[in-house]
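Presented below is the structure to which this report refers.
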Amino acid sequence: MTQKNSPKAFTSYAQNFEDVMLWRALKHVPAGVYVDIGAQHPVVDSVSKAFYEQGWRGVHVEPVPYYAELLRQDRPDEVVLQLALSHTAGILDLHVIKDTGLSTGVKAYADVHQAEHGFAYMTVPTPMLPMKTALASLAGRTVHWLKIDVEGLEEEVLRGWDSNILRPWIIVVEATVPMSTELRHEGAERILVEAGYRFAYFDGLNRFYVAEEHANLLPALNVPPNVFDYAELSGLSGTWCNGLIARHREELRASAAQLEAERAERAQFELRARAELRDARTALEDARNRAHEAAMRTVQAEAQATIAEARASFANERARDAEARALQSAATPLRRLASAAMEGRITSGVKRRIKTALRVVAITIGRHPQLKRAATLTLRCVPPLRHRLQAMLAPPPNSAPQSAPERPLPMSPDTALVYRQLHQRQQRSRHA
């Protein structure tokens, strides 16, 4: 902590360290109350902002509409009175100088600002009340400090004050002619002294007064702000911090420019990286495609070789089949002849022909009696020949007509050959 007696660090926002002086005298008060007449901005050059951060709350009197609205937004839990204070109620011609704290109810001051400093102003009719009327809600309550900064109307504001009803512990009053070092405080000081207040301190712009019943606070206001106040600057004061703010803004601009340059460089780097990544992906995809195409060509070549090999094998198989069929066709007559020889079909055929010829001779001899007698005498002389011829010319034992064999179904030559051989063997078995 920078404040020995405060749970929070104290940051000064006021233009002339008014808040530092007040805090030195009142930091022992928890959750105090203040009244800021001519409050202007809620942060910049604000006397109350530091106290607000310390948990204090109060009332703001601000006639300029723009600043009154800013106060409401920044301090939603405080009272903001958008009006002017004076010794009587009525309508004040307020000469508003935009974006400054110089707005005033004194036309002469507004004209000087315009003539000497180029500050244009516009006049706005503004409601006006005495302080005792406007702040009636504070009657009988403890107010720890009250500040009056109304650009030349400080005496008129105090003339509308009832010191018996509202007695702030410390009153701070602007004591110079606006935008000059010329003192103008006699009328206001006379009112304060008559009300039982003692002068305590002058900071070159404001005069500090302490109520007699709180004279114990006077020693705290003997010396100006110093390092032993342990206050920190907010950097938002329009007077003391101009140079600091200018340097800070310049640093911000430089930092922003550097940041923008880095951002642009980073953007270029990202673009290059994306382009390189895209090229790498394209190259990888191309390599994959080429590898896939090469693999497909290899597979296709292997498939074609396999097909060619199969075709060659099929052709060889067909050639062997054709050769086998040719050999089979050439060998079939020989096989038939050999089979007939092995089965005795050739000999039986000769025998059948011999028997047929002998029957024809026998029939012919039987038709001629002379030849029949000569043959009979001859065969009687040769009994073996007679018996042999009788056996050969005798009719078969079963001369009954046989039914024609069933015609086999169409079959291949080899199957037909085997079928005939089996059929013939079956016939021979029957004759045996």
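Using a cut-off of 4.0 Å between Lys/Arg side-chain N and Asp/Glu carboxylate O, E293 and R290 are scored as not salt-bridged. Of the charged side-chain nitrogens involved, none lies within less than 4.0 Å of a carboxylate oxygen, so that K49 and D19 do not count as a salt-bridged pair.
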Worksheet entry | Evaluation steps, side-chain contact (heavy atoms from CB on, under 4.5 Å), between L158 and I148 | CA-CA 9 Å; L158 286 172; I148 304 174; 3.5 Å; yes

Item to complete: With side-chain contact (heavy atoms from CB on, under 4.5 Å) as the test, would you mind laying out the steps for H95 and H113 before giving the verdict?
Response: CA-CA 11 Å; H95 309 291; H113 295 329; over 6 Å; no

Worksheet item: Which is it for Y34 and E78 under the side-chain contact (heavy atoms from CB on, under 4.5 Å) test, yes or no, and what are the steps along the way?
Response: CA-CA 11 Å; Y34 51 77; E78 292 189 313; 2.4 Å; yes

Fill in: Derivation and outcome, side-chain contact (heavy atoms from CB on, under 4.5 Å), residues K27 and Q54
CA-CA 9 Å; K27 61 188 176 184; Q54 297 296 326; over 6 Å; no

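When all heavy atoms are compared, the tightest approach of A89 to L129 is CB-CD2, 4.0 Å. The heavy-atom pair separating V157 from I37 by the smallest distance is CG1-CD1, 4.3 Å. Nearest heavy atom pair, residue V210 against residue A200, reads CG2-CB, 4.0 Å. The minimum heavy-atom distance linking T104 with A110 is given by the pair CG2-N, 4.0 Å. The two residues T100 and I97 come nearest to each other via the heavy atoms OG1-O, 2.9 Å. Closest approach of P125 and T123 over heavy atoms only: CD-O, 4.0 Å.
Atom CD of E186 is surrounded by more than 12 heavy atoms from other residues, nucleotides or ligands within 6.0 Å. Dense packing is recorded around CD of Q73, with more than 12 heavy atoms of other residues, nucleotides or ligands lying under 6.0 Å away. Within a 6.0 Å sphere centred on CZ of R263, heavy atoms belonging to other residues, nucleotides or ligands number more than 12.
With S48 as the partner, the side-chain hydrogen bond (donor to acceptor under 3.5 Å, both in side chains) test is satisfied by one option alone out of R57, E18, R75, K147: R75. The only option from E69, E62, H60, R72 that meets the side-chain hydrogen bond (donor to acceptor under 3.5 Å, both in side chains) definition with Q82 turns out to be R72. The salt bridge (charged side-chain N to carboxylate O under 4.0 Å, His left out) test with E189 singles out one residue from R207, R198, R184, and that residue is R207.
Without hydrogens or angle criteria, S255 side chain to E251 main chain gives a donor-acceptor distance under 3.5 Å. Not one N or O on the side chain of W161 forms a donor-acceptor pair closer than 3.5 Å with the backbone of L192. Using a distance-only test at 3.5 Å, with no hydrogens or angles considered, no donor-acceptor pair links the side chain of N16 to the main chain of A14. Between the side chain of D111 and the backbone N or O of A108, no donor-acceptor pair lies under 3.5 Å. In terms of modelled atom types and a separation under 3.5 Å, the side chain of Q304 and the main chain of E302 share no donor-acceptor contact.
Ring planes of W169 and H28: parallel class, angle under 30° (limits at 30 and 60°).
Between atom NE2 of residue H185 and atom CZ of residue R190 there is a gap of 10.5 Å, rounded to the nearest 0.5 Å. Rounding to the nearest 0.5 angstrom, the gap separating the CZ atom in F202 from the CG atom in L183 is 5.0 Å. Atoms CD and NZ, from Q114 and K107 in turn, are 8.5 Å apart once rounded to the nearest 0.5 Å. Note: M131 CE to L81 CG = 11.5 Å, rounded to the nearest 0.5 Å. Within the model, atoms OG of S86 and CD of E155 stand 10.0 Å from one another, a figure rounded to the nearest 0.5 Å. Note that OH of Y230 is 15.0 Å distant from CZ of F10, once rounded to the nearest 0.5 Å.
F17 places a side-chain heavy atom less than 4.5 Å from the side chain of L233. Taking 4.5 Å as the limit, some side-chain heavy atom of P168 sits within range of a side-chain heavy atom of Y197. With a 4.5 Å cut-off on side-chain heavy atoms, L221 and M21 count as touching. The shortest side-chain heavy-atom distance between V47 and D149 does not fall under the 4.5 Å cut-off. Put simply, the side chain of L205 reaches to within 4.5 Å of the side chain of T176, judged on heavy atoms. For the pair Y109 and L102, the minimum side-chain heavy-atom distance is 4.5 Å or more. Using a 4.5 Å heavy-atom cutoff, the side chains of Y52 and Y13 are not in contact. You'll find the side chain of L85 stays beyond 4.5 Å of the side chain of V150, heavy atoms only.
Residues N206 and Y201 bring no donor and acceptor atom of their side chains to less than 3.5 Å of each other.
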